[in-house]
Amino acid sequence: MIRTTLFSLLLVLLIPVHAADLRGTGDLALVIERASGSIQIIETTGNSSLGRIEGLGDLSHASAVYSRDERYAYIFGRDGGLTKVDMLTRKIVKRIMQAGNSIGGAISQDGSLVAVSNYEPGGVKIFDAATLALVADIPASYGDTKQTSKVIGLVDAPGQKFVFSLWDADEIWVADMSRPDKPSIQKFKDIGRNPYDALISPDGRYYIAGLFGEDGMALLDLWNLDAGVKRILDHYGKGEQKLPVYKMPHLEGWAMAGQYAFVPAVGRHEVLVIDTRNWSEAGRIKVHGQPIFVMARPDGRHVWVNFAIPNNDTLQVIDTQSLKIIKKLQPGKGVLHMEFEPRGEELWASIRDDDQLVVYDTESFEERVRLPANKPSGIFATVRAHKTGL
Amino acid sequence: MLKTPLFLVSLMLVSGLISEPALAEVAASRQSELMHLLKQDCGSCHGMTLKGGLGPALLPAQLEGKPTEYLVVTILEGHANTAMPGWKTMLSADDALWIARQLKQGISQ
């Protein structure tokens, strides 16, 4: 008895963590501060900043994915840096330079592998999520000369797969990593000119690449790979003059409500509505500028849109039942990215040129708070950990 | 890889479509706007440090042998059949010339 008590006492003395110090990570998010190579950790319960982690290199166009326990973030920098950070201690756990120039990444279904898509040298590298040791290297070589293509639109898919597109080669590749030492790759060719980004439906079934070099999008049904790539929306915009595209649109997640999916039109002031039952065009919504991110609130009732320069001071909200714009907000200069809180009652937006983050109530559209941030771009909430493709 | 043929640039020079480098000075306040645009917005494709991305690197070494006037035309008119848009709706010829010169000499990070 005495011995047990003493042991318990010893345990309490040995473990310096008190219940009050413990916290979860489910309400955390990170904000890329691209000019200073830092990230800010924020919490979305009280909407405050918890701190900053520095020394992440060139973070232009940086993005992040999360470990399945939502404790660690993997940040993909433009300079080829891959950094694993601890969201709780706010420290860099491990950082490697894995390529010369990279564009984004994904984490495998089981959380054991982190994949990075690279521009230079073009291809995908796959790392052990725990140690960041290299597991597989997949050069995106194509054609007779075996030149390598820039890789974009990398996502995870069920079955321990990664799917990605080759900008220069007009191909979509599906890499099955069930045996990490022996990736099995299936290639789909001539999918359309210059795929610029891609998304996967939340169930992990449909992979859709947007095309920059021609109209339409390339659809791959991962449940029926033998059917190959199907072109959708290919009559969209035929014969019309495109506007100069000052910023590539992003296809992130899947703005979906009921049977409709919402995607940005390239080089046009329009959001396209796709009927996912037959992949036909169900509508075009005139918007304020060239859309960049078209993101559905988690309940699917509204879709929020931001725009390319010179219209990047504005956000618009589309009602997915009426397909009408119901709100226009002008939070400041350089609205680069938006992120919903896990159940969608608030939205965070980064206002790059004003060095601010702004939080909106997504029902009343009232502004809740503004926080300082250094040239903020991407905002990534830990809830992404459990979403395929994010 | 010069997609706008150099002769076209010369033609434009001769025809006065773009003038010889010696245009009006760009005001200091405009210069800081342009540098911001160069790093942040050109940077979305060419990288914030201009080391390249979806678009090619724009460091002085890569631009060697490409005349300043050629860069000016590229900035204003874009390149057909590539992702490079023309920026003439947002930039004047003076602006483009100032940016082209910055690119040739290299920008500080």
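Below, chains carry the letters A, B, ... as their sequence lines are ordered, and counting in each starts from 1.
Taking a 6.0 Å sphere around NZ of B:Lys104, one finds it holds more than 12 heavy atoms contributed by other residues, nucleotides or ligands. By the 6.0 Å contact criterion, CD on A:Gln330 is enclosed, its count of non-hydrogen atoms from other residues, nucleotides or ligands being greater than 12.
In this structure, the side chains of A:Asp58 and B:Met48 come closer than 4.5 Å at one or more pairs of heavy atoms.
Of all the listed residues (B:Ala83, B:Gly47, B:Ser44, B:Gly43), the one sharing the greatest number of non-hydrogen pairs under 4.5 Å with chain A is B:Ala83. Options A:Ile152, A:Asp353, A:Leu243 differ in how many heavy-atom pairs under 4.5 Å they form with chain B, and the most are formed by A:Asp353.
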Applying side chain to side chain contact (heavy atoms under 4.5 Å, CB included), run through B:Asn81 and A:Arg193 and close with a yes or a no. CA-CA 11 Å; B:Asn81 303 318; A:Arg193 191 77 197 105; over 6 Å; no
Can you check side chain to side chain contact (heavy atoms under 4.5 Å, CB included) on B:His36 and A:Lys375, steps first, answer last? CA-CA 11 Å; B:His36 180 83; A:Lys375 297 276 174 291; 3.7 Å; yes
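Nearest heavy-atom pair, A:Pro244 versus B:Gly86, reported as atom, atom and distance to 0.1 Å: CB-O, 3.9 Å. Between A:Arg78 and B:Cys45, the shortest heavy-atom contact is NH1-O, 4.4 Å. Taking every heavy atom of both residues into account, B:Gly52 and A:Asn101 meet most closely at O-ND2, 2.7 Å.
Put simply, the side chain of A:Tyr246 never gets that close to the backbone of B:Cys42: no donor and acceptor are under 3.5 Å apart.
The parts of B:Leu54 that come within reach of chain A are both its backbone and its side chain, each placing non-hydrogen atoms under 4.5 angstrom from that chain. Looking at A:Ile309, both its backbone and its side chain come within 4.5 Å of chain B, counting heavy atoms on both sides.
B:Gln40 contributes atom CD, which lies 11.0 Å from atom CG of A:Asn312 (distance to the nearest 0.5 angstrom).
With sequence neighbours excluded, no residue forms a ring-ring contact (aromatic ring centres under 6.0 Å, His included) with A:Tyr74.
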